[in-house]
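Working notes for the structure below.
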Amino acid sequence: SQSSSSEILSSAWSVLLLRYFLVGSNNAETKYRVLKIDRTEPKDLVIIDDRHVYTQQEVRELLGRLDLGNRTKMGQKGSSGLFRAVSAFGVVGFVRFLEGYYIVLITKRRKMADIGGHAIYKVEDTNMIYIPNDSVRVTHPDEARYVCFNSVLSYSYDLSHSLQYNLTVLRMPLEMLKSETTQNRQESFDIFEDEGLITQGGSGVFGICSEPYMKYVWNGELLDIIKSTVHRDWLLYIIHGFCGQSKLLIYGRPVYVTLIARRSSKFAGTRFLKRGANCEGDVANEVETEQILCDASVMSFTAGSYSSYVQVRGSVPLYWSQDISTMMPKPPITLDQADPFAHVAALHFDQMFQRFGSPIIILNLVKEREKRKHERILSEELVAAVTYLNQFLPPEHTIVYIPWDMAKYTKSKLCNVLDRLNVIAESVVKKTGFFVNRPDSYCSILRPDEKWNELGGCVIPTGRLQTGILRTNCVDCLDRTNTAQFMVGKCALAYQLYSLGLIDKPNLQFDTDAVRLFEELYEDHGDTLSLQYGGSQLVHRVKTYRKIAPWTQHSKDIMQTLSRYYSNAFSDADRQDSINLFLGVFHPTEGKPHLWELPTDFYLHHKNTMRLLPTRRSYTYWWTPEVIKHLPLPYDEVICAANLKKLIVKKFHKYEEEIDIHNEFFRPYELSSFDDTFCLAMTSSARDFMPKTVGIDPSPFTVRKPDETGKSVLGNKSNREEAVLQRKTAASAPPPPSEEAVSSSSEDDSGTDREEEGSVSQRSTPVKMTDAGDSAKVTENVVQPMKELYGINLSDGLSEEDFSIYSRFVQLGQSQHKQDKNSQQPCSKCSDGVIKLTPISAFSQDNIYEVQPPRVDRKSTEIFQAHIQASQGIMQPLGKEDSSMYREYIRNRYL
């Protein structure tokens with residue numbers, strides 16, 4: 001995904017086939033940069049960046065002079081040598097196959113989320129432009145076969161670091177950064193420019209920028225060739241994965257729930273072609289999932305309330321594979337290399353210690369008992385590897401291993417799968433904690449929750465930090481893993497809401513609007529990741545494991561299973577080739593075999609097969625010494641010399657447009673339509689999940705029946721007209737299937753998974769069904785919808801009690817408005833029970849989180865202290881008034 005602050009809107013202009021001029025601007029189109037790309041070199045890339053910032057007037061004059069100076073005939077406008085070749089939203093990078101270089105541009109995008117005023121986009125379309133002109137082009141017969149690979153992938157833009165890392169870096173002391181960071185400050189680019197650090201007594205603002213985490217960057221290889229040549233503003237780092245955002249309305253207060261998945265670019269590939277790990281500890285299908293919760297009423301990172309929780313999925317870190325040449329639905333699992341000292345697992349967990357800290361918790365969902373030994377091979381090897389590695393780690397930082405045969409419990413009629421997962425999720429979140437950027441609220445200090453006091457992580461003055469990570473895996477890391485991650489995310493979401501003061505207890509129940517919204521977000525997340533790795537959407541969803549999936553699910557599963565099987569057997573090889581090419585794993589070279597001619601890509605991903613690697617690590621001290629010293633904190637977030645070198649500080653003037661978050665987010669210089677506004681178009685709990693009946697509690701944390709949700713068709717036949725107007729509806733679900741039926745469909749996801757049609761098929765479009773004979777029935781039933789919608793028949797008169805309640809409501813509303821004393825007159829018609837309110841504020845500051853405790857007089861304080869002392873056995877002597885009162889009580893009671 002891409003942050004809007006680093007966005008460059010580009011236009012490519014061509015001059016007489018000799019060069020391209022790439023003109024980039026900021027969103028407001030007030031600042032411009034220009035790149036000159038030479039087109040006369042057949043195989044080399046020559047780019048010139050003057051590193052000058054132009055105004056709009058200056059860039060127009062520059063293009064005008066270029067146009068005028070390159071016309072074939074002076075004075076003839078029609079023979080202009082300067083013309084616009086393409087308009088784009090950014091540069092993905094430069095790539096070369098067998099001929100010259102191509103430039104890859106983003107030509108279509110769609111906004112997916114907004115975090116702290118930073119827009120995140122999904123790439124809808126890209127365009128590859130060949131740079132050398134035809135006069136110097138050296139053609140190659142196989143060039144076209146490489147070009148077609150690029151159109152296979154779609155990418156989502158985002159920063160490669162977690163929110164915790166970004167906000168922790170943002171709060172680093174400025175004096176330390178100014179002395180330790182690199183000297184290249186004038187050429188830096190700051191993704192947190194609007195949250196910069198104000199200097200002492202000056203008008204400047206310092207911004208901080210860090211290098212991207214290259215493991216999750218997918219176009220790093222395409223940008224390497226220009227990284228040292230062009231300004232940082234041109235470098236647009238892309239991640240591959242998922243990004244989704246929904247709005248949770250809590251009595252009108254907007255809270256954004258964002259889900260971001262970052263797919264690793266190391267050892268990346270498709271389902272059966274990439275299994276296990278490579279020699280460097282990178283595993284297949286490794287995805288870091290982060291859920292971010294923010295109070296949308298305040299956008300700023302420094303003033304707003306933000307919370308996040310991160311978890312990881314990835315293949316079992318061993319040398320293993322599956323042979324797909326036999327065309328079997330479940331190819332046998334083979335251990336390719338013996339690894340008695342768990343070398344590859346040690347490298348993998350060392351990486352995790354460095355990025356996430358400790359504890360590392362492994363939730364292994366593969367089968368443990370099978371008639372024919374299949375998945376159990378992985379479980380046995382993983383247990384042996386973890387046991388070996390743990391014996392050398394300090395006891396407080398050992399790897400926690402949780403084996404749980406999810407398929408077995410799913411088939412059992414006596415066990416509730418999600419209840420067991422909820423217990424595991426509670427224990428995991430308590431050990432790792434989560435990130436929140438503000439200290440505990442005053443109400444949680446006054447009324448502490450038992451679960452809250454047991455929460456792990458690291459408590460700092462500015463909030464909490466997540467230390468450690470949950471690593472979930474099954475065989476494919478798709479269906480079972482997604483459900484387990486949803487349950488852990490649901491548990492963490494409850495703690496996040498509690499930390500922001502939005503719920504009174506850290507607990508969320510199923511069948512509430514909040515959990516339904518979160519479940520839909522996680523299913524979209526699982527479908528996207530499953531399509532990228534397995535070639536099809538999820539088979540087993542949360543509803544499947546809750547055993548409430550409709551019977552139509554089974555027929556869809558069969559068709560989707562066939563689709564997945566076809567994809568794995570016939571199209572995955574081409575997709576794997578395109579991934580290898582895009583990530584720079586394979587570089588086409590003239591005179592050597594082409595990519596499609598290689599019998600296997602094993603040698604490309606395992607570098608130790610091509611050359612001798614440096615000396616192996618110790619078999620006992622298998623970790624990096626610097627990493628283990630700072631545990632449980634992740635080494636990447638520790639303030640040390642090695643990490644400070646990755647940061648760059650840049651100074652801005654405080655009135656520069658680049659650091660104006662208001663203009664960046666609201667875009668006052670653009671003509672926008674409310675219908676196209678992103679915050680109105682995203683999924684909302686109030687619009688899409690909350691029942692439309694007024695009399696029902698609007699809280700998103702209220703448990704609702706299945707027929708009460710906003711996505712259900714109204715049950716009464718007379719309400720067909722209203723049903724047509726519903727924005728999103730779903731067909732009424734029949735009774736849940738039997739236990740046996742669910743058990744038969746809940747197979748493992750290693751080859752026999754069946755799938756749904758996806759989110760589109762789940763939301764069937766309502767059809768307006770009217771008949772000529774129904775007009776009389778509609779007229780007769782006009783009163784009935786009023787009763788259902790308003791809870792009252794308008795033709796009936798109000799009772800005295802209802803009228804009294806309404807009068808009090810009106811009086812309360814009127815008393816809240818400030819009125820001039822001269823115009824105030826006593827209301828003789830008001831009943832005695834009406835309370836007149838005076839609009840006063842009890843807040844010390846204009847802040848919804850800070851309040852002063854109520855002031856108590858001295859006498860009340862003394863009474864309270866005496867009560868406390870009495871509970872400890874310290875009795876206060878009775879005064880004269882107390883003695884006389886007690887005597888009077890005894891006289892009246894007993895005498």
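Remember, it's a predicted structure, so these values are computed and weren't measured experimentally.
- Of all heavy-atom pairs spanning Leu347 and Gly281, the tightest one is CB-CA, 3.9 Å.
- Using a 4.5 Å cut-off on side-chain heavy atoms (C-beta onward), Ile333 and Leu378 make contact.
- Looking at Ser160, its side chain never comes within 3.5 Å of a backbone N or O of Val217 through a donor-acceptor pair.
- A side-chain donor from one of His525 and Asn482 sits under 3.5 Å from a side-chain acceptor of the other.
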The test is side-chain hydrogen bond (donor to acceptor under 3.5 Å, both in side chains); show your working for Gln496 and Gln291 and say whether it passes. CA-CA 10 Å; Gln496 291 175 284; Gln291 62 187 54; 2.9 Å; yes

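- Of the possible polar contacts, one joining the Lys451 side chain to the Pro506 backbone as a donor-acceptor pair under 3.5 Å is found.
- Looking only at distances, a side-chain donor or acceptor of Lys490 sits under 3.5 Å from a matching main-chain atom of Leu508.
- Remark: aromatic rings of Tyr522 and Phe518 are close, center separation under 6.0 Å.
- Considering every non-hydrogen atom in both Asn473 and Val316, the closest pair reads ND2-CG2, 3.3 Å.
- Side-chain N or O atoms of Ser315 include one that pairs as donor or acceptor with a backbone N or O of Gly276 at under 3.5 Å.
- Applying the 6.0 Å contact sphere to OH of Tyr621 captures no more than 12 heavy atoms from other residues, nucleotides or ligands.
- Ion pair Glu519/Arg541 not flagged as a salt bridge, since none of the NZ, NE, NH1 or NH2 atoms sits closer than 4.0 Å to an Asp/Glu carboxylate oxygen.
- A salt bridge links Lys373 and Glu380; the closest N-O separation between the charged side-chain nitrogens and carboxylate oxygens is under 4.0 Å.
- For the atom pair Met487 CE and Thr472 OG1, the distance stands at 12.5 Å (nearest 0.5 Å).
- Between Glu523 and Arg516, no side-chain nitrogen of the basic residue sits less than 4.0 Å from a carboxylate oxygen of the acidic one, so the salt-bridge criterion is not met.
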Q.
Applying side chain to side chain contact (heavy atoms under 4.5 Å, CB included) to Phe356 and Glu637, what does each step give before you reach the verdict?
A. CA-CA 9 Å; Phe356 304 112; Glu637 297 173 17; over 6 Å; no

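- Closest approach of Ile424 and Ile402 over heavy atoms only: CG2-CD1, 4.3 Å.
- For residues 337-363, the pairs satisfying salt bridge (charged side-chain N to carboxylate O under 4.0 Å, His left out) are Glu288-Arg355, Asp350-Arg617, with sequence neighbours left out.
- Between Arg262 and Glu290, at least one side-chain nitrogen of the basic residue sits less than 4.0 Å from a carboxylate oxygen of the acidic one, meeting the salt-bridge criterion.
- Under the 3.5 Å distance criterion, with hydrogens and angles disregarded, no donor-acceptor pair is assigned to the side chains of Asn390 and Thr398.
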Dump the intermediate steps for side chain to side chain contact (heavy atoms under 4.5 Å, CB included) on Leu529 and Arg313, then the final yes or no. CA-CA 11 Å; Leu529 297 181; Arg313 67 172 70 183; 3.9 Å; yes

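- Close placement of the Tyr409 and Trp404 rings is indicated, their centers lying within 6.0 Å of each other.
- Taking OG1 from Thr481 and CG from Leu363, the interatomic distance works out to 8.0 Å, rounded to the nearest 0.5 Å.
- Judged by distance alone, the side chain of Ser618 and the main-chain N or O of Thr620 form a donor-acceptor pair under 3.5 Å.
- Geometrically, Lys274 engages Phe267 in a cation-pi contact defined by less than 6.0 Å to the ring centre and at most 45° from the axis.
- Atom OG of Ser321 is separated from atom CG of Asp336 by 3.5 Å, given to the nearest 0.5 angstrom.
- Note that CD of Glu375 is 9.0 Å distant from CG of Asn364, once rounded to the nearest 0.5 Å.
- To the nearest 0.5 angstrom, Ser358 atom OG is 13.0 Å from His630 atom NE2.
- Pairing each heavy atom of Gly357 with each of Pro634, the nearest pair is N-CB, 3.5 Å.
- If you check the side chains of Gln164 and Gln466, you find no donor sitting under 3.5 Å from an acceptor.
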- request: In sequence, state the C-alpha distance, the side-chain angles, and the governing distance for Thr289 and Val310, and then conclude on side chain to side chain contact (heavy atoms under 4.5 Å, CB included).
  value: CA-CA 6 Å; Thr289 299; Val310 180; over 6 Å; no

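- Smallest separation of non-hydrogen atoms from Val475 and Arg275: O-NH1, 3.3 Å.
- Glu286 pairs with exactly one of Lys266, Arg471, His348 by the side chain to side chain contact (heavy atoms under 4.5 Å, CB included) rule, that one being His348.
- At least one donor-acceptor pair under 3.5 Å links the side chain of Asn278 to the backbone N or O of Asp282.
- Below 30°, between 30° and 60°, or above 60°: for His161 and Tyr213 the angle between ring planes is between 30° and 60°, a tilted geometry.
- If you take CG on Asp405 and CZ on Arg376, they are separated by 11.0 Å, rounding to the nearest 0.5 Å.
- Taking the ring axis of Phe242 as reference, the NZ or CZ atom of Lys122 does not stay both within 45° of it and closer than 6.0 Å to the ring centre.
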request  = Evaluate the criterion side chain to side chain contact (heavy atoms under 4.5 Å, CB included) for residue pair Thr334 and Ile377; output intermediate values, then yes/no.
outcome  = CA-CA 8 Å; Thr334 307; Ile377 300 173; over 6 Å; no

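- Side-chain contact, Arg271 with Asn285: no donor N or O sits under 3.5 Å from an acceptor N or O.
- A pairwise comparison of heavy atoms in Thr467 and Cys458 identifies CG2-CB, 3.9 Å as the closest pair.
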